[in-house]
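Heads up: the structure comes next, in structure tokens.
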Amino acid sequence: MNILKERILRDGRCYEGGILKVDSFINHQMDPNLMKSVAVEFVRRFAGTDINKILTIEASGIAPAIMMGFLLDLPVVFAKKKKPSTMDNMLITEISSFTKKRSYDVCISSSYLCPGDKVLFIDDFLAYGNAAKGIIDLINQAGAELVGMGFIIEKAFQNGGEYLRGLGIHVESLAIIESLDNCCIKIRE
């Protein structure tokens, strides 16, 4: 997806420790036209997949997930990072955040993630795969079926994609970062 790759190279910022900031167009300030293009590409890549629900984690995955839900006329559910006092029948899992360097619980109501659901997970980043592992746990707890995972950006050098693909999961990443060595962004062609 050339428009995304060009934008990462132009506006992305790299920091020591394998951190890529794309907060000026993806996960703080968002470019709606880019999010639409991302959603259209995900729809294309998952065409023919039997999906009845799109799942993400708050907050950065919501924009591409909701755009995709709009295009496919499907409900979008997001796992919450704080347990609401009003949520009944909660499914909970723990996720370790690479960027925030802490663990937290995410939850979802079993009213919105149900047995028989065919779930596509959409998120902004795939690094070590910690969020994806937590989502897999929630889907399994619900008795739903994971049919695929889509990520805007995958950091290949952190091996989350390799792990998920090794499980036989259909993973699609729109831009794959090969390296951030010496704060130079190298994107797979």
Side-chain angles (χ1 to χ4, degrees), residues 1-12 20 22-81 91 95 106-127 129 131-136 138-140 142-156 160-161 164-165 167-177 187-189:
M1 189 171 171
N2 289 334
I3 188 171
L4 174 62
K5 293 174 184 177
E6 290 167 7
R7 192 69 182 269
I8 292 167
L9 291 172
R10 187 181 76 219
D11 296 331
L20 174 63
V22 291
D23 60 346
S24 68
F25 57 100
I26 290 179
N27 56 19
H28 192 47
Q29 173 175 272
M30 289 176 270
D31 178 337
N33 292 315
L34 179 62
M35 286 299 111
K36 179 183 174 193
S37 296
V38 160
V40 166
E41 183 63 15
F42 278 138
V43 167
R44 186 186 74 74
R45 291 189 185 199
F46 288 101
T49 305
D50 186 16
I51 305 164
N52 76 323
K53 197 161 286 177
I54 298 169
L55 179 61
T56 191
I57 296 181
E58 68 178 345
S60 301
I62 294 175
I66 199 74
M67 288 279 202
M68 194 171 180
F70 174 76
L71 292 172
L72 294 175
D73 194 24
L74 292 174
V76 176
V77 179
F78 65 90
K80 294 178 174 266
K81 291 183 179 174
L91 306 171
I95 293 176
V106 295
C107 60
I108 190 166
S109 170
S110 61
S111 299
Y112 305 124
L113 186 59
C114 309
D117 279 342
K118 296 183 181 304
V119 180
L120 175 64
F121 176 66
I122 298 292
D123 206 3
D124 61 341
F125 270 97
L126 171 58
K133 291 172 190 173
I135 288 298
I136 291 167
L138 289 174
I139 290 169
N140 289 338
E145 177 187 348
L146 176 65
V147 298
M149 295 186 143
F151 301 92
I152 297 175
I153 299 170
E154 176 182 337
K155 294 194 266 181
L164 295 173
R165 290 178 184 99
L167 295 177
I169 297 170
H170 177 186
V171 175
E172 293 288 345
S173 299
L174 304 186
I176 299 177
I177 308 299
I187 301 177
R188 185 180 293 170
E189 289 301 321

Inter-residue atom distance [X].[atom1] - [Y].[atom2], 0.5 Å rounding:
X: Asn140; Y: Ile135; atom1: CG; atom2: CD1; value: 11.0 Å
X: Met68; Y: Ile122; atom1: CE; atom2: CD1; value: 4.5 Å
X: Ser173; Y: Lys155; atom1: OG; atom2: NZ; value: 12.5 Å
X: Ile54; Y: Leu72; atom1: CD1; atom2: CG; value: 5.5 Å
X: Glu154; Y: Arg188; atom1: CD; atom2: CZ; value: 6.5 Å
X: Met149; Y: Ile136; atom1: CE; atom2: CD1; value: 4.0 Å

Candidates Leu146, Ile51, Val76, Asn52 - the one meeting side-chain contact (heavy atoms from CB on, under 4.5 Å) with Leu120
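With Leu120 as partner, side-chain contact (heavy atoms from CB on, under 4.5 Å) holds for just one option, Ile51.
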Among Ile62, Asn27, Thr56, Ile153, find the one that has a side-chain contact (heavy atoms from CB on, under 4.5 Å) with Asp124.
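So the option named by the test is Asn27.
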[X] versus [Y]: any side-chain heavy-atom pair under 4.5 Å?
X: Arg7; Y: Asp31; result: yes
X: Ile139; Y: Glu145; result: no
X: Lys81; Y: Ile57; result: yes
X: Lys53; Y: Val77; result: yes
X: Val147; Y: Asp50; result: no
X: Leu174; Y: Arg45; result: yes
X: Ile152; Y: Met35; result: yes
X: Val22; Y: Phe125; result: yes

Smallest separation among heavy atoms of [X] and [Y], with atom names:
X: Leu20; Y: Ile8; answer: CD2-CG2, 4.1 Å
X: Met67; Y: Pro32; answer: CE-O, 3.5 Å
X: Leu113; Y: Ala142; answer: O-CB, 3.3 Å
X: Ala39; Y: Pro64; answer: CB-O, 4.2 Å
X: Ala175; Y: Lys5; answer: CB-CG, 4.2 Å
X: Val119; Y: Ala144; answer: CG2-CB, 4.1 Å

Answer yes or no: are there more than 12 heavy-atom neighbours, outside [X] itself, under 6.0 Å from its atom [atom1]?
X: Lys133; atom1: NZ; result: yes
X: Ile176; atom1: CD1; result: yes
X: Phe25; atom1: CZ; result: yes

Anything under 30° is parallel, anything over 60° is perpendicular, the rest tilted; go ahead and classify Phe121 against Phe151.
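Perpendicular: the ring planes of Phe121 and Phe151 meet at over 60°.
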Salt bridge check: are Glu6 and Arg10 linked by an N-O gap of less than 4.0 Å?
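Between Arg10 and Glu6 there is no salt bridge, as every charged N stays at least 4.0 Å from the carboxylate O atoms.
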